[in-house]
Amino acid sequence: MCLSGLKENKIVEFLGSIKLAFILFCCLILACLYGALVSEEFRPAVYYSWWFLLLLFLFGGNLLICGLSRLSGSFNKLGSTLTHAAVLVILAGSLYSYLFAVRGTIEFTEGQGVDSFVSNKGEQSLGFKVILDDFTLAWYAPYNYKVKFFVQDKGIRGVSLVKQHKAYVIKGSGYSFTVLEYFSDFKMDENGVPRNNSEQPDNPAALIEIKGPGGIEKRWLFARHPEISMSSDKNIKLLFSMEPAIREFSSRVRFIGGSQQAQRVIKVNSPGEFKGYTFYQSGYDAGRLDWTALDVVKDPGVFWVFAGFILLNFGIIINYLQKIKPAKDGGKGAACR
Amino acid sequence: MQVTFLRIALGSYLLSFLFSWLNSYSRNGLFSRLAAWLLKAGFALHTLILVMRWYEAKRPPFANMYEALVLFAWAIILIYMLFDFIYKIRFMSRPVSGLVLIIMGFAAVLDNSIGPLMPALQSRWITIHVVSYFLGYAAMSLSVICGIYYLRSSKSANPDAEKLKALDSLGYYSIAFAFPFLTIGMTTGSIWANVAWGTYWNWDPKETCSLITWMVYALYLHLRMFKGLKAEKAAWLSVIGYFAVLFTFVGVNFILPGLHSYS
(Lines give C-alpha, C1' and ligand atoms only; values in the text may rest on other atoms or scores of the structure.)
Protein backbone atom coordinates (compact mmCIF):
# COMPACT_ATOMS: atom_id res chain seq x y z
CA MET A 1 0.00 0.00 0.00
CA CYS A 2 1.37 3.41 -0.89
CA LEU A 3 -0.37 6.63 0.07
CA SER A 4 0.39 8.46 -3.16
CA GLY A 5 -1.90 11.36 -2.22
CA LEU A 6 0.43 12.32 0.61
CA LYS A 7 3.44 12.34 -1.69
CA GLU A 8 1.86 14.74 -4.20
CA ASN A 9 1.35 17.56 -1.70
CA LYS A 10 4.60 19.60 -1.53
CA ILE A 11 4.06 20.77 2.05
CA VAL A 12 3.20 17.30 3.25
CA GLU A 13 6.20 15.99 1.32
CA PHE A 14 8.50 18.44 3.15
CA LEU A 15 6.91 17.68 6.53
CA GLY A 16 7.60 14.00 5.99
CA SER A 17 11.00 14.42 4.41
CA ILE A 18 14.24 12.90 5.65
CA LYS A 19 15.82 16.35 5.34
CA LEU A 20 13.40 17.75 7.94
CA ALA A 21 14.02 14.65 10.10
CA PHE A 22 17.76 15.44 10.13
CA ILE A 23 17.13 19.11 10.98
CA LEU A 24 14.77 18.15 13.83
CA PHE A 25 17.18 15.50 15.07
CA CYS A 26 19.99 18.05 15.28
CA CYS A 27 17.70 20.61 16.98
CA LEU A 28 16.58 18.00 19.54
CA ILE A 29 20.18 16.99 20.28
CA LEU A 30 21.14 20.64 20.87
CA ALA A 31 18.00 21.33 22.95
CA CYS A 32 18.62 18.26 25.13
CA LEU A 33 22.25 19.29 25.59
CA TYR A 34 21.20 22.82 26.56
CA GLY A 35 18.74 21.39 29.11
CA ALA A 36 21.42 19.14 30.60
CA LEU A 37 23.85 22.03 30.98
CA VAL A 38 21.53 24.50 32.72
CA SER A 39 21.17 24.25 36.47
CA GLU A 40 18.67 21.79 37.91
CA GLU A 41 15.95 24.30 38.78
CA PHE A 42 15.81 25.60 35.18
CA ARG A 43 15.58 22.15 33.56
CA PRO A 44 11.76 21.94 33.64
CA ALA A 45 11.68 25.37 31.99
CA VAL A 46 13.58 23.84 29.06
CA TYR A 47 12.07 20.37 28.75
CA TYR A 48 8.47 21.50 29.31
CA SER A 49 8.79 24.76 27.36
CA TRP A 50 6.51 25.39 24.39
CA TRP A 51 9.43 25.30 21.93
CA PHE A 52 10.74 21.95 23.18
CA LEU A 53 7.26 20.44 23.04
CA LEU A 54 6.83 21.92 19.56
CA LEU A 55 10.09 20.26 18.49
CA LEU A 56 8.83 16.90 19.79
CA PHE A 57 5.46 17.45 18.12
CA LEU A 58 7.11 18.29 14.79
CA PHE A 59 9.40 15.28 15.14
CA GLY A 60 6.41 13.03 15.79
CA GLY A 61 4.54 14.55 12.84
CA ASN A 62 7.55 14.09 10.60
CA LEU A 63 7.84 10.43 11.62
CA LEU A 64 4.13 9.83 11.10
CA ILE A 65 3.97 11.42 7.63
CA CYS A 66 7.28 9.86 6.62
CA GLY A 67 6.07 6.45 7.83
CA LEU A 68 2.65 6.70 6.14
CA SER A 69 4.07 7.86 2.81
CA ARG A 70 6.56 4.96 2.78
CA LEU A 71 4.21 2.34 4.18
CA SER A 72 4.47 -0.94 2.30
CA GLY A 73 3.73 -4.56 2.96
CA SER A 74 7.36 -5.49 2.33
CA PHE A 75 8.86 -7.77 4.97
CA ASN A 76 12.20 -6.03 4.37
CA LYS A 77 10.82 -2.89 5.99
CA LEU A 78 9.41 -4.64 9.06
CA GLY A 79 12.26 -3.57 11.36
CA SER A 80 12.26 0.01 10.17
CA THR A 81 8.45 0.27 10.36
CA LEU A 82 8.35 -1.18 13.88
CA THR A 83 11.13 1.17 15.04
CA HIS A 84 9.44 4.30 13.73
CA ALA A 85 6.02 3.19 15.01
CA ALA A 86 7.62 2.55 18.41
CA VAL A 87 9.00 6.10 18.62
CA LEU A 88 5.49 7.42 17.83
CA VAL A 89 3.94 5.19 20.52
CA ILE A 90 6.55 6.40 23.04
CA LEU A 91 5.90 10.06 22.14
CA ALA A 92 2.13 9.54 22.38
CA GLY A 93 2.51 7.71 25.71
CA SER A 94 4.69 10.53 27.05
CA LEU A 95 2.11 13.10 25.97
CA TYR A 96 -0.57 11.04 27.71
CA SER A 97 1.57 11.02 30.88
CA TYR A 98 2.24 14.76 30.58
CA LEU A 99 -1.47 15.54 30.33
CA PHE A 100 -3.03 13.03 32.71
CA ALA A 101 -0.43 11.67 35.17
CA VAL A 102 -0.95 12.55 38.83
CA ARG A 103 2.06 12.60 41.14
CA GLY A 104 2.38 13.49 44.76
CA THR A 105 3.74 12.50 48.14
CA ILE A 106 2.25 11.33 51.38
CA GLU A 107 4.10 11.64 54.67
CA PHE A 108 2.99 9.86 57.80
CA THR A 109 4.13 8.23 61.03
CA GLU A 110 3.44 4.71 62.26
CA GLY A 111 -0.19 4.20 63.15
CA GLN A 112 -1.32 7.23 61.12
CA GLY A 113 -3.68 6.95 58.13
CA VAL A 114 -4.24 9.34 55.20
CA ASP A 115 -6.86 9.49 52.47
CA SER A 116 -5.51 12.38 50.38
CA PHE A 117 -2.22 13.75 49.11
CA VAL A 118 -0.77 16.94 47.66
CA SER A 119 -0.05 16.39 43.98
CA ASN A 120 1.16 18.40 41.00
CA LYS A 121 -2.54 19.16 40.41
CA GLY A 122 -3.34 20.28 43.98
CA GLU A 123 -4.93 18.40 46.86
CA GLN A 124 -6.21 15.04 45.64
CA SER A 125 -8.44 12.56 47.36
CA LEU A 126 -7.31 8.94 47.08
CA GLY A 127 -10.80 7.55 47.54
CA PHE A 128 -9.46 5.09 50.10
CA LYS A 129 -7.35 5.16 53.26
CA VAL A 130 -3.66 4.25 53.61
CA ILE A 131 -2.43 3.35 57.09
CA LEU A 132 1.25 2.99 57.96
CA ASP A 133 1.47 -0.04 60.25
CA ASP A 134 5.25 -0.26 60.44
CA PHE A 135 8.35 1.43 59.03
CA THR A 136 11.74 -0.33 59.04
CA LEU A 137 15.18 1.10 58.32
CA ALA A 138 17.91 -1.53 57.93
CA TRP A 139 21.66 -0.82 57.85
CA TYR A 140 24.47 -2.79 56.37
CA ALA A 141 26.54 -4.53 59.00
CA PRO A 142 29.46 -4.42 59.13
CA TYR A 143 29.57 -0.77 58.18
CA ASN A 144 32.45 0.96 56.44
CA TYR A 145 34.98 1.68 59.18
CA LYS A 146 37.81 4.13 58.55
CA VAL A 147 40.86 5.05 60.55
CA LYS A 148 42.71 8.33 59.91
CA PHE A 149 46.29 8.30 61.12
CA PHE A 150 48.96 10.92 61.74
CA VAL A 151 52.52 10.08 62.80
CA GLN A 152 53.86 13.35 64.19
CA ASP A 153 57.66 12.89 64.07
CA LYS A 154 57.58 11.67 60.46
CA GLY A 155 54.77 13.95 59.31
CA ILE A 156 52.97 10.95 57.75
CA ARG A 157 49.21 11.07 57.49
CA GLY A 158 46.60 9.03 55.67
CA VAL A 159 43.37 7.13 55.89
CA SER A 160 42.56 3.42 55.66
CA LEU A 161 39.31 1.57 55.23
CA VAL A 162 39.76 -1.06 57.94
CA LYS A 163 38.62 -4.63 58.55
CA GLN A 164 38.68 -6.52 61.80
CA HIS A 165 41.89 -8.47 62.61
CA LYS A 166 43.74 -7.15 59.56
CA ALA A 167 47.07 -5.41 60.20
CA TYR A 168 47.68 -2.03 58.50
CA VAL A 169 51.30 -0.92 58.14
CA ILE A 170 51.95 2.83 58.01
CA LYS A 171 54.83 2.80 55.57
CA GLY A 172 57.99 4.61 56.64
CA SER A 173 56.75 5.26 60.17
CA GLY A 174 57.61 2.09 62.07
CA TYR A 175 53.95 1.81 63.13
CA SER A 176 51.23 -0.65 62.29
CA PHE A 177 47.77 -1.09 63.73
CA THR A 178 45.05 -3.75 63.84
CA VAL A 179 41.37 -3.34 64.65
CA LEU A 180 40.63 -5.96 67.30
CA GLU A 181 36.97 -5.21 67.80
CA TYR A 182 34.41 -2.69 66.68
CA PHE A 183 30.94 -1.79 67.82
CA SER A 184 28.19 0.15 66.11
CA ASP A 185 26.60 1.10 69.45
CA PHE A 186 29.23 0.76 72.19
CA LYS A 187 28.13 0.26 75.81
CA MET A 188 29.75 -1.20 78.94
CA ASP A 189 27.54 -3.74 80.66
CA GLU A 190 27.16 -3.97 84.47
CA ASN A 191 30.34 -6.13 84.66
CA GLY A 192 32.38 -3.57 82.72
CA VAL A 193 32.47 -5.73 79.58
CA PRO A 194 32.10 -3.82 76.28
CA ARG A 195 29.17 -4.92 74.15
CA ASN A 196 26.97 -3.81 71.27
CA ASN A 197 23.84 -2.17 72.62
CA SER A 198 22.07 -2.28 69.22
CA GLU A 199 22.74 -2.61 65.51
CA GLN A 200 22.00 1.10 65.04
CA PRO A 201 25.09 3.27 64.53
CA ASP A 202 24.53 5.28 67.73
CA ASN A 203 27.95 5.08 69.38
CA PRO A 204 30.56 3.59 67.03
CA ALA A 205 33.76 2.53 68.73
CA ALA A 206 36.83 0.40 68.00
CA LEU A 207 39.54 -1.30 70.03
CA ILE A 208 42.82 -0.93 68.19
CA GLU A 209 46.19 -2.55 68.76
CA ILE A 210 49.11 -0.32 67.82
CA LYS A 211 52.62 -1.71 67.26
CA GLY A 212 55.30 0.97 67.24
CA PRO A 213 58.88 1.78 68.22
CA GLY A 214 57.76 2.00 71.86
CA GLY A 215 56.12 -1.43 71.89
CA ILE A 216 52.50 -2.61 71.69
CA GLU A 217 49.51 -0.78 73.14
CA LYS A 218 45.74 -1.10 72.91
CA ARG A 219 43.61 1.99 72.38
CA TRP A 220 39.87 2.63 72.38
CA LEU A 221 38.62 5.03 69.72
CA PHE A 222 35.14 6.55 69.64
CA ALA A 223 33.80 7.97 66.37
CA ARG A 224 31.58 10.53 68.08
CA HIS A 225 34.04 11.37 70.85
CA PRO A 226 37.46 11.74 69.23
CA GLU A 227 38.64 13.74 72.26
CA ILE A 228 38.65 10.51 74.35
CA SER A 229 42.06 8.99 73.73
CA MET A 230 43.68 6.91 76.44
CA SER A 231 47.14 6.48 75.02
CA SER A 232 50.70 6.36 76.23
CA ASP A 233 52.22 6.95 72.78
CA LYS A 234 51.44 10.59 71.87
CA ASN A 235 53.43 10.39 68.62
CA ILE A 236 50.67 8.59 66.73
CA LYS A 237 47.17 10.04 66.51
CA LEU A 238 44.28 7.91 65.28
CA LEU A 239 40.74 8.96 64.47
CA PHE A 240 38.01 6.40 63.98
CA SER A 241 34.97 7.01 61.83
CA MET A 242 32.09 4.94 60.60
CA GLU A 243 30.08 5.45 57.46
CA PRO A 244 26.77 3.74 57.91
CA ALA A 245 25.20 2.52 54.69
CA ILE A 246 21.48 1.97 54.42
CA ARG A 247 20.56 -1.49 53.16
CA GLU A 248 16.84 -1.10 52.87
CA PHE A 249 13.89 0.91 54.07
CA SER A 250 10.38 -0.39 53.87
CA SER A 251 6.84 0.45 54.91
CA ARG A 252 4.13 -2.04 55.84
CA VAL A 253 0.88 -0.35 54.89
CA ARG A 254 -2.81 -1.21 54.85
CA PHE A 255 -5.22 0.05 52.21
CA ILE A 256 -8.87 0.31 53.18
CA GLY A 257 -11.33 1.28 50.47
CA GLY A 258 -14.97 0.40 51.10
CA SER A 259 -15.27 -3.35 51.20
CA GLN A 260 -11.77 -3.81 49.76
CA GLN A 261 -8.74 -4.15 52.02
CA ALA A 262 -5.15 -4.99 51.22
CA GLN A 263 -1.79 -5.09 52.93
CA ARG A 264 1.50 -4.33 51.17
CA VAL A 265 5.16 -4.07 52.07
CA ILE A 266 6.56 -1.20 50.01
CA LYS A 267 10.33 -1.02 49.42
CA VAL A 268 12.61 0.84 47.03
CA ASN A 269 12.33 -1.09 43.72
CA SER A 270 9.21 -2.84 45.01
CA PRO A 271 6.23 -0.48 44.85
CA GLY A 272 2.70 -1.34 45.95
CA GLU A 273 -0.51 -0.81 43.96
CA PHE A 274 -4.08 -0.23 45.02
CA LYS A 275 -7.04 0.99 42.95
CA GLY A 276 -4.92 2.41 40.11
CA TYR A 277 -2.46 4.26 42.35
CA THR A 278 1.12 3.08 42.75
CA PHE A 279 3.01 3.84 45.97
CA TYR A 280 6.81 4.16 45.96
CA GLN A 281 9.05 4.16 49.01
CA SER A 282 10.82 7.50 48.84
CA GLY A 283 11.84 9.03 52.15
CA TYR A 284 13.09 8.37 55.65
CA ASP A 285 14.55 10.31 58.53
CA ALA A 286 17.35 8.52 60.40
CA GLY A 287 16.55 10.62 63.45
CA ARG A 288 12.85 9.77 63.40
CA LEU A 289 12.41 6.10 62.72
CA ASP A 290 8.60 6.00 62.82
CA TRP A 291 8.24 8.48 59.94
CA THR A 292 8.29 7.86 56.18
CA ALA A 293 7.34 9.41 52.86
CA LEU A 294 5.77 7.56 49.93
CA ASP A 295 5.44 8.88 46.38
CA VAL A 296 1.98 8.37 44.90
CA VAL A 297 1.65 8.03 41.14
CA LYS A 298 -1.23 7.40 38.76
CA ASP A 299 0.16 7.49 35.24
CA PRO A 300 -1.95 6.11 32.38
CA GLY A 301 0.86 6.80 29.89
CA VAL A 302 3.29 4.25 31.35
CA PHE A 303 1.65 1.29 29.61
CA TRP A 304 2.01 2.95 26.18
CA VAL A 305 5.58 4.10 26.78
CA PHE A 306 6.63 0.60 27.83
CA ALA A 307 4.75 -0.94 24.89
CA GLY A 308 6.73 1.49 22.71
CA PHE A 309 9.98 0.36 24.35
CA ILE A 310 9.24 -3.29 23.55
CA LEU A 311 8.40 -2.40 19.94
CA LEU A 312 11.51 -0.22 19.67
CA ASN A 313 13.84 -2.99 20.82
CA PHE A 314 12.25 -5.56 18.52
CA GLY A 315 12.26 -3.09 15.63
CA ILE A 316 15.93 -2.16 16.03
CA ILE A 317 17.06 -5.78 16.41
CA ILE A 318 15.02 -6.88 13.35
CA ASN A 319 16.34 -3.89 11.43
CA TYR A 320 19.92 -4.86 12.35
CA LEU A 321 19.39 -8.46 11.27
CA GLN A 322 17.72 -7.38 8.00
CA LYS A 323 19.99 -4.55 6.91
CA ILE A 324 23.45 -5.34 8.25
CA LYS A 325 24.96 -8.19 6.32
CA PRO A 326 28.46 -8.68 7.71
CA ALA A 327 29.33 -11.74 5.63
CA LYS A 328 29.57 -9.65 2.46
CA ASP A 329 32.34 -7.50 3.81
CA GLY A 330 34.09 -10.08 5.92
CA GLY A 331 36.79 -10.64 3.36
CA LYS A 332 37.57 -6.92 3.14
CA GLY A 333 38.27 -6.80 6.85
CA ALA A 334 40.91 -9.45 6.41
CA ALA A 335 42.78 -7.11 4.09
CA CYS A 336 43.57 -4.91 7.06
CA ARG A 337 45.62 -7.46 8.92
CA MET B 1 43.99 -12.84 45.15
CA GLN B 2 41.94 -10.50 42.94
CA VAL B 3 44.65 -7.83 43.06
CA THR B 4 47.29 -10.41 42.01
CA PHE B 5 45.09 -11.63 39.15
CA LEU B 6 44.45 -8.03 38.10
CA ARG B 7 48.21 -7.36 37.99
CA ILE B 8 48.82 -10.51 35.92
CA ALA B 9 45.98 -9.54 33.55
CA LEU B 10 47.42 -6.03 33.22
CA GLY B 11 50.85 -7.58 32.51
CA SER B 12 49.30 -9.76 29.78
CA TYR B 13 47.64 -6.74 28.18
CA LEU B 14 50.89 -4.75 28.35
CA LEU B 15 52.85 -7.57 26.71
CA SER B 16 50.09 -8.00 24.13
CA PHE B 17 50.37 -4.30 23.33
CA LEU B 18 54.17 -4.50 23.02
CA PHE B 19 54.06 -7.59 20.77
CA SER B 20 51.39 -5.92 18.59
CA TRP B 21 53.67 -2.92 18.29
CA LEU B 22 56.69 -5.13 17.44
CA ASN B 23 54.56 -6.87 14.83
CA SER B 24 54.44 -3.67 12.79
CA TYR B 25 58.23 -4.03 12.33
CA SER B 26 58.23 -7.74 11.65
CA ARG B 27 56.14 -9.53 9.08
CA ASN B 28 56.61 -13.17 10.14
CA GLY B 29 53.40 -13.22 12.20
CA LEU B 30 54.97 -14.60 15.39
CA PHE B 31 54.51 -11.38 17.35
CA SER B 32 50.94 -11.04 16.12
CA ARG B 33 50.11 -14.57 17.33
CA LEU B 34 51.81 -13.95 20.67
CA ALA B 35 49.89 -10.69 21.11
CA ALA B 36 46.60 -12.47 20.37
CA TRP B 37 47.32 -15.28 22.84
CA LEU B 38 48.37 -12.87 25.58
CA LEU B 39 45.21 -10.84 25.05
CA LYS B 40 43.13 -14.04 25.34
CA ALA B 41 45.02 -15.10 28.49
CA GLY B 42 44.50 -11.65 30.03
CA PHE B 43 40.81 -11.80 29.10
CA ALA B 44 40.39 -15.23 30.75
CA LEU B 45 41.92 -13.88 33.95
CA HIS B 46 39.85 -10.68 33.65
CA THR B 47 36.69 -12.82 33.43
CA LEU B 48 37.78 -14.74 36.52
CA ILE B 49 38.30 -11.44 38.40
CA LEU B 50 34.73 -10.35 37.56
CA VAL B 51 33.29 -13.72 38.62
CA MET B 52 35.28 -13.70 41.90
CA ARG B 53 34.20 -10.14 42.68
CA TRP B 54 30.56 -10.99 41.93
CA TYR B 55 30.84 -14.00 44.28
CA GLU B 56 32.61 -12.04 47.02
CA ALA B 57 30.34 -8.98 46.86
CA LYS B 58 27.19 -11.15 46.54
CA ARG B 59 25.92 -8.70 43.93
CA PRO B 60 26.76 -7.80 40.31
CA PRO B 61 30.16 -6.08 40.23
CA PHE B 62 29.05 -2.78 38.66
CA ALA B 63 28.33 -0.58 41.65
CA ASN B 64 31.12 2.00 41.48
CA MET B 65 33.52 3.60 39.00
CA TYR B 66 36.30 1.03 39.64
CA GLU B 67 33.96 -1.87 38.88
CA ALA B 68 32.45 -0.07 35.89
CA LEU B 69 35.89 0.53 34.35
CA VAL B 70 36.97 -3.09 34.90
CA LEU B 71 33.73 -4.23 33.21
CA PHE B 72 34.16 -1.71 30.37
CA ALA B 73 37.70 -2.96 29.61
CA TRP B 74 36.44 -6.56 29.70
CA ALA B 75 33.58 -5.75 27.32
CA ILE B 76 35.96 -4.04 24.85
CA ILE B 77 38.11 -7.18 24.61
CA LEU B 78 35.04 -9.42 24.33
CA ILE B 79 33.63 -7.39 21.44
CA TYR B 80 37.06 -7.13 19.81
CA MET B 81 37.47 -10.92 19.93
CA LEU B 82 33.97 -11.38 18.51
CA PHE B 83 34.69 -8.93 15.67
CA ASP B 84 38.10 -10.51 15.09
CA PHE B 85 36.39 -13.89 14.76
CA ILE B 86 33.92 -12.50 12.19
CA TYR B 87 35.92 -9.85 10.30
CA LYS B 88 39.56 -10.85 10.99
CA ILE B 89 40.72 -7.54 12.42
CA ARG B 90 44.01 -8.54 14.06
CA PHE B 91 45.40 -5.11 13.03
CA MET B 92 43.25 -3.58 15.80
CA SER B 93 44.91 -5.58 18.54
CA ARG B 94 47.39 -2.77 19.34
CA PRO B 95 44.89 0.11 19.79
CA VAL B 96 42.47 -2.22 21.61
CA SER B 97 45.10 -3.44 24.09
CA GLY B 98 46.34 0.17 24.43
CA LEU B 99 42.83 1.43 25.22
CA VAL B 100 42.26 -1.42 27.68
CA LEU B 101 45.58 -0.61 29.38
CA ILE B 102 44.54 3.05 29.80
CA ILE B 103 41.14 2.08 31.24
CA MET B 104 42.59 -0.55 33.58
CA GLY B 105 45.38 1.84 34.61
CA PHE B 106 42.77 4.45 35.51
CA ALA B 107 40.80 1.78 37.44
CA ALA B 108 43.96 0.72 39.31
CA VAL B 109 44.26 4.13 41.01
CA LEU B 110 40.62 4.14 42.17
CA ASP B 111 39.26 2.77 45.43
CA ASN B 112 38.70 -0.96 44.77
CA SER B 113 37.03 -1.80 48.07
CA ILE B 114 33.75 -3.68 47.83
CA GLY B 115 31.02 -1.36 49.04
CA PRO B 116 27.42 -2.19 49.77
CA LEU B 117 24.68 -1.47 47.25
CA MET B 118 22.39 1.45 48.01
CA PRO B 119 18.67 0.53 48.00
CA ALA B 120 17.95 2.03 44.56
CA LEU B 121 20.61 -0.21 42.96
CA GLN B 122 19.24 -3.42 44.50
CA SER B 123 17.31 -4.47 41.45
CA ARG B 124 17.36 -7.28 38.94
CA TRP B 125 17.35 -4.59 36.21
CA ILE B 126 20.92 -3.55 37.07
CA THR B 127 22.51 -6.48 35.22
CA ILE B 128 20.72 -6.13 31.88
CA HIS B 129 20.90 -2.29 32.00
CA VAL B 130 24.62 -2.05 32.76
CA VAL B 131 25.81 -5.02 30.69
CA SER B 132 23.85 -3.83 27.60
CA TYR B 133 25.34 -0.37 27.90
CA PHE B 134 28.89 -1.65 28.26
CA LEU B 135 28.58 -4.03 25.32
CA GLY B 136 27.29 -1.08 23.30
CA TYR B 137 30.05 1.24 24.53
CA ALA B 138 32.64 -1.45 23.79
CA ALA B 139 31.47 -1.74 20.17
CA MET B 140 31.49 2.08 19.94
CA SER B 141 35.12 1.95 21.12
CA LEU B 142 35.94 -0.21 18.08
CA SER B 143 34.10 2.25 15.84
CA VAL B 144 36.12 5.20 17.14
CA ILE B 145 39.38 3.27 16.69
CA CYS B 146 38.31 2.62 13.06
CA GLY B 147 37.41 6.31 12.70
CA ILE B 148 40.77 7.52 14.01
CA TYR B 149 42.63 4.92 11.90
CA TYR B 150 40.66 6.06 8.88
CA LEU B 151 41.39 9.74 9.44
CA ARG B 152 45.09 9.03 10.01
CA SER B 153 45.42 6.64 7.06
CA SER B 154 43.55 8.93 4.66
CA LYS B 155 46.08 11.70 5.38
CA SER B 156 49.09 9.51 4.53
CA ALA B 157 51.05 10.08 1.30
CA ASN B 158 49.81 6.86 -0.36
CA PRO B 159 46.50 5.92 1.20
CA ASP B 160 45.51 2.29 0.72
CA ALA B 161 41.99 2.53 -0.77
CA GLU B 162 41.13 -1.07 0.11
CA LYS B 163 42.17 -0.57 3.72
CA LEU B 164 40.21 2.70 3.98
CA LYS B 165 37.11 1.00 2.62
CA ALA B 166 37.45 -1.83 5.11
CA LEU B 167 37.93 0.62 8.01
CA ASP B 168 34.87 2.57 6.91
CA SER B 169 32.76 -0.62 6.73
CA LEU B 170 34.05 -1.90 10.05
CA GLY B 171 33.27 1.42 11.75
CA TYR B 172 29.72 1.19 10.40
CA TYR B 173 29.29 -2.44 11.44
CA SER B 174 30.43 -1.72 14.97
CA ILE B 175 28.00 1.19 15.32
CA ALA B 176 25.16 -0.88 13.84
CA PHE B 177 26.05 -3.69 16.27
CA ALA B 178 26.24 -1.33 19.26
CA PHE B 179 22.98 0.52 18.58
CA PRO B 180 20.58 -2.27 19.71
CA PHE B 181 22.59 -2.60 22.94
CA LEU B 182 22.36 1.15 23.57
CA THR B 183 18.61 0.91 22.99
CA ILE B 184 18.21 -2.03 25.39
CA GLY B 185 20.35 -0.20 27.97
CA MET B 186 18.36 3.02 27.70
CA THR B 187 14.90 1.44 27.75
CA THR B 188 15.66 -0.99 30.59
CA GLY B 189 17.10 1.95 32.56
CA SER B 190 13.87 3.82 32.01
CA ILE B 191 11.74 0.87 33.14
CA TRP B 192 13.97 0.47 36.20
CA ALA B 193 13.61 4.19 37.03
CA ASN B 194 9.84 3.75 36.92
CA VAL B 195 10.04 0.80 39.33
CA ALA B 196 12.37 2.63 41.72
CA TRP B 197 11.09 6.22 41.58
CA GLY B 198 7.73 6.06 39.86
CA THR B 199 8.81 7.98 36.80
CA TYR B 200 10.30 6.57 33.63
CA TRP B 201 12.09 9.74 32.62
CA ASN B 202 13.47 12.44 34.94
CA TRP B 203 15.54 14.53 32.52
CA ASP B 204 18.46 13.77 34.83
CA PRO B 205 21.77 14.77 33.11
CA LYS B 206 22.93 11.16 32.76
CA GLU B 207 19.60 10.12 31.22
CA THR B 208 19.62 13.13 28.91
CA CYS B 209 23.21 12.52 27.81
CA SER B 210 22.43 8.85 27.13
CA LEU B 211 19.51 10.01 24.95
CA ILE B 212 21.82 12.46 23.14
CA THR B 213 24.34 9.64 22.53
CA TRP B 214 21.54 7.43 21.20
CA MET B 215 20.33 10.23 18.91
CA VAL B 216 23.84 10.95 17.57
CA TYR B 217 24.27 7.30 16.58
CA ALA B 218 20.70 7.13 15.22
CA LEU B 219 21.62 10.16 13.09
CA TYR B 220 24.81 8.37 11.92
CA LEU B 221 22.85 5.27 10.88
CA HIS B 222 20.17 7.29 9.07
CA LEU B 223 22.74 9.42 7.27
CA ARG B 224 24.58 6.27 6.29
CA MET B 225 21.47 4.52 4.99
CA PHE B 226 19.71 7.43 3.30
CA LYS B 227 22.40 9.99 2.47
CA GLY B 228 25.34 7.71 1.76
CA LEU B 229 27.44 8.99 4.68
CA LYS B 230 30.87 7.43 4.24
CA ALA B 231 34.58 7.96 4.51
CA GLU B 232 35.91 11.01 6.37
CA LYS B 233 32.53 12.45 7.37
CA ALA B 234 31.46 9.08 8.81
CA ALA B 235 34.77 8.81 10.66
CA TRP B 236 34.33 12.28 12.16
CA LEU B 237 30.76 11.52 13.24
CA SER B 238 31.91 8.30 14.94
CA VAL B 239 34.53 10.37 16.82
CA ILE B 240 31.83 12.88 17.89
CA GLY B 241 29.58 10.00 18.93
CA TYR B 242 32.35 8.56 21.07
CA PHE B 243 32.82 11.91 22.79
CA ALA B 244 29.13 11.67 23.70
CA VAL B 245 29.73 8.13 25.02
CA LEU B 246 32.67 9.24 27.18
CA PHE B 247 30.81 12.30 28.44
CA THR B 248 27.77 10.18 29.34
CA PHE B 249 29.86 7.50 31.02
CA VAL B 250 32.44 9.59 32.90
CA GLY B 251 32.04 13.32 32.27
CA VAL B 252 28.49 13.69 33.59
CA ASN B 253 29.50 12.24 36.98
CA PHE B 254 31.99 15.04 37.54
CA ILE B 255 30.34 17.97 35.79
CA LEU B 256 26.58 17.44 36.04
CA PRO B 257 25.59 15.60 39.21
CA GLY B 258 22.07 14.20 39.40
CA LEU B 259 20.17 11.03 40.20
CA HIS B 260 23.02 8.90 38.81
CA SER B 261 25.60 10.35 41.23
CA TYR B 262 26.56 6.80 42.31
CA SER B 263 27.53 5.60 38.81
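What you see is a predicted model, and the numbers here were worked out from it, not measured in a lab.
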At a heavy-atom distance under 4.5 Å, which candidate from B/Gly198, B/Pro180, B/Ala244 has the highest pair count against chain A?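 Option with the greatest count: B/Gly198.
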For the candidates [options], which exhibits the highest count of non-hydrogen atom pairs separated by less than 4.5 Å from chain B?
options                                : answer
A/Phe309, A/Phe25, A/Tyr47             : A/Tyr47
A/Val305, A/Ile310, A/Ile317           : A/Val305
A/Val296, A/Thr278, A/Val302, A/Asp295 : A/Val302

Any carboxylate oxygen within less than 4.0 angstrom of a Lys/Arg side-chain nitrogen, looking at B/Arg59 and B/Glu67? yes
Heavy-atom distances under 4.5 Å only: say whether B/Ile184 touches chain A with side chain, backbone, both or neither.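 Answer is both: backbone and side chain atoms of B/Ile184 are under 4.5 Å from chain A.
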Part of B/Thr199 within contact of chain A (heavy atom distance under 4.5 Å): both
Checking heavy atoms, do the side chain of [X], its backbone, both or neither come under 4.5 Å from chain B?
X       : result
A/Leu28 : both
A/Ser39 : neither
A/Ile90 : neither
A/Ile18 : side chain
A/Tyr48 : side chain

Would B/Lys88 pass as a cation-pi partner of B/Phe91, given that its NZ or CZ must be under 6.0 Å from the six-membered ring centre and within 45 degrees of the axis? no
For A/Phe279, is the NZ or CZ atom of A/Arg264 found under 6.0 angstrom from the centre of its six-membered ring and inside 45 degrees of the ring axis? no
B/Tyr173 and B/Tyr87 aromatic ring geometry - parallel, tilted or perpendicular at 30°/60° bounds: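 Parallel: the ring planes of B/Tyr87 and B/Tyr173 meet at under 30°.
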Using 30° and 60° as the class boundaries, would you call the ring planes of B/Phe181 and B/Phe177 parallel, tilted or perpendicular?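 If you compare the ring of B/Phe181 with that of B/Phe177, the planes turn out tilted.
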Hey, mind stepping through A/Ser97 and A/Asp299 against side chain to side chain donor-acceptor pair (under 3.5 Å) and telling me if it holds? CA-CA 6 Å; A/Ser97 290; A/Asp299 186 350; 2.7 Å; yes
Output all residues satisfying salt bridge (charged side-chain N to carboxylate O under 4.0 Å, His left out) with A/Lys77, sequence neighbours left out; order by chain, then residue number. none
Chi angles and distances behind the side-chain contact (heavy atoms from CB on, under 4.5 Å) call for B/Leu182, B/Met140: CA-CA 10 Å; B/Leu182 286 195; B/Met140 293 310 185; 3.6 Å; yes
